[in-house]
Amino acid sequence: MSNQDDMILVAGAGGFIGGHLVARLLARGHRNVRAVDIKPIGEWYQVFREADNRVLDLKSLANCRTAVAGVSRIYNLAADMGGMGFIETHKAECMLSVLINTHLLMAAREAEVERYFYASSACVYAADKQTDADVTALKEADAYPAMPEDGYGWEKLFSERMCRHFREDYGVETRMARFHNVYGPFGTWDGGREKAPAAMCRKVIQAKLTGKHEIEIWGDGEQTRSFMYIDDCLTGSMAIMGSPIREPINLGSSELVSINRLVDIVEKIAGITLKRSYKLDAPKGVRGRNSDNAMILEKLRWEPSIRLEDGMEKTYRWIWDQITAQPSMLRRAS
Ligand code: NAD
């Protein structure tokens, strides 16, 4: 087991989940946390002085070697990604994240790291199992025969295999969690990479602030998803990292909602009702997706349980603060 002085690398620490993970590790008393991201530090979502913060492009093997020096555990959360609007239109860019995981694994093997965590995604699941809004939750075996989300999902599935084979062939102890839609404060909420929970908060807040009580929804709003609050994502990731679970495992909420229901929740938090219009040709992803949590319940006796209404309340308040701190945002009703 790791002790508080071991060096832990968080790759992608300038991003949403990585930033929260650095915060959690420091709060748990880990004294040596190395935080790495390609973005200039001024663009990181959260920065902690106590961490060893470095700007490195982890697509390069040389930079991975630098990042991994002296490290005993690696959380790989670095990837080029975003919501459906991004991944449906940037497939090559998403697939290039394969270089990050490949080179980090090679550097991890050379440095003989104890554990390696890979953030995979529910986008690895076969599309033909997700054609109905009234879904049967996805269990781990449903990733094969493979027909994942084009681009982003293929990269995730390939990188899972790479983790598996580095363990089998080279003894790198890899762990893989398939995250299902994570949301919360300090996430992307604007600019094209945001996901549905943050996008809905932003749109409702803009409607409230501008008095233009309308909202545009991508698709017919009846597509279904589950959304996991960031605190559950961190708890689950750290538990999986410390566990003997060697196969990819779902890490997601099993509280299934339609996008229309998600909008209801945000409207209730905001105290307004909006006229909805539906953009049927917008990127909308699969028709329905939920996380089957039988495996995580069996292995960890735990599953994500923070209620969507509670997590969305905190997310809404945080996005409200971001928007109202930038007066120019008020003029941009969308
Ligand atoms: P994010 O975009 O907020 O964070 C990813 C970070 O990786 C960014 O800060 C980015 O700058 C960094 N990065 C990209 N390329 C890099 C490179 N070459 N070198 C170093 N850093 C680089 O995303 P997130 O929501 O925090 O997601 C973290 C991980 O979890 C990703 O692998 C993502 O695919 C996975 N995931 C997230 C979700 C979700 O809902 N957020 C769902 C499934 C899987």
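Note that the coordinates shown come from a computational prediction; the quantities given were computed from them, not determined experimentally. In listed order, ligands and their atoms are each counted from 1.
When hydrogens are left out, the protein atom nearest atom 3 (O) of ligand 1 is F16 N, 2.8 Å; that is the closest non-hydrogen contact. Nearest non-hydrogen protein atom to atom 8 (C) of ligand 1 is D37 OD2, 3.5 Å. Nearest protein neighbour of atom 28 (C) of ligand 1, counting heavy atoms only, is L77 O, 3.2 Å. For atom 14 (C) of ligand 1, the nearest non-hydrogen atom of the protein is A79 O, 3.3 Å. Closest to atom 40 (O) of ligand 1, if we only count protein heavy atoms, is V182 N, 2.7 Å. Ranking protein heavy atoms by distance to atom 32 (O) of ligand 1, first place goes to K156 NZ, 2.9 Å. The closest protein non-hydrogen atom to atom 15 (N) of ligand 1 is I100 CD1, 3.7 Å. Protein heavy atom at the shortest distance from atom 23 (O) of ligand 1 is M81 SD, 3.4 Å.
Heavy atoms of H180 stay at 4.0 angstrom or farther from ligand 1. Note on ligand 1: N76 sits outside its first shell, no heavy atom being nearer than 4.0 Å. Not close to ligand 1: G19, with no non-hydrogen atom less than 4.0 angstrom away. At a 4.0 Å cut-off, at least one heavy atom of Y152 sits close enough to ligand 1 to count as contact.
Taking both residues in full, the closest heavy atoms of L58 and A11 are given as CD1-CB, 3.6 Å, listed atom of the first, atom of the second, then distance. The two residues F186 and F16 come nearest to each other via the heavy atoms O-CD1, 3.4 Å. Minimum heavy-atom separation, T224 to L256: CB-CD1, 3.8 Å. For the residue pair D37 and G14, the shortest heavy atom distance occurs at OD2-N, 2.9 Å. Closest approach of I230 to G184, counting heavy atoms only: CG2-CA, 4.2 Å. Considering all non-hydrogen atoms of both residues, S253 and N290 come closest at O-OD1, 3.4 Å.
Checking L21, V36, I38 against atom 13 (N) of ligand 1, the nearest heavy atom belongs to I38.
For ligand 1, the atoms closer than 4.0 angstrom to any heavy atom of K39 are 9 (O), 11 (O). Ligand-side atoms of ligand 1 in range of K59: 18 (N), range being under 4.0 angstrom from any heavy atom.
For ligand 1, the polar-atom distance check finds no N/O of A78 at less than 3.5 Å from any of the ligand's N/O atoms. Residue I17 has at least one nitrogen or oxygen atom sitting less than 3.5 Å from a nitrogen or oxygen atom of ligand 1, judged on distance alone. Here's the thing with S120: none of its N/O atoms is less than 3.5 angstrom from an N/O atom of ligand 1.
A single hydrophobic cluster is seen to contain both I215 and L209, as judged by linkage of ILVMFWY side chains at heavy-atom distances under 4.5 Å, directly or through other members. In terms of hydrophobic clustering, with Ile, Leu, Val, Met, Phe, Trp and Tyr side chains grouped at heavy-atom distances under 4.5 Å, Y183 and V266 are assigned to a common cluster.
Side-chain atoms of Y45 and K39, non-hydrogen and from C-beta on, do get closer than 4.5 Å to each other.
The parts of D57 lying near ligand 1 are both backbone and side chain, judged by heavy-atom distances below 4.0 Å. Contact annotation: for L99 versus ligand 1, there are no heavy atoms closer than 4.0 Å. In R193, neither the side chain nor the backbone holds a heavy atom less than 4.0 Å from any atom of ligand 1. Neither the backbone nor the side chain of A11 comes within 4.0 Å of ligand 1, counting heavy atoms alone.
A side chain to side chain donor-acceptor pair (under 3.5 Å) with N250 is found for one member of H180, R178, K139 and no other, namely H180.
Residues S97 and E155 have side chains that never bring a donor and an acceptor to within less than 3.5 angstrom of each other.
R167 has no carboxylate O lying under 4.0 Å from a charged side-chain N of E247, or vice versa, which leaves the two without a salt bridge.
Because its NZ or CZ atom is not both nearer than 6.0 Å to the ring centre of F117 and within 45° of the ring axis, R175 does not count as a cation-pi partner of that residue.
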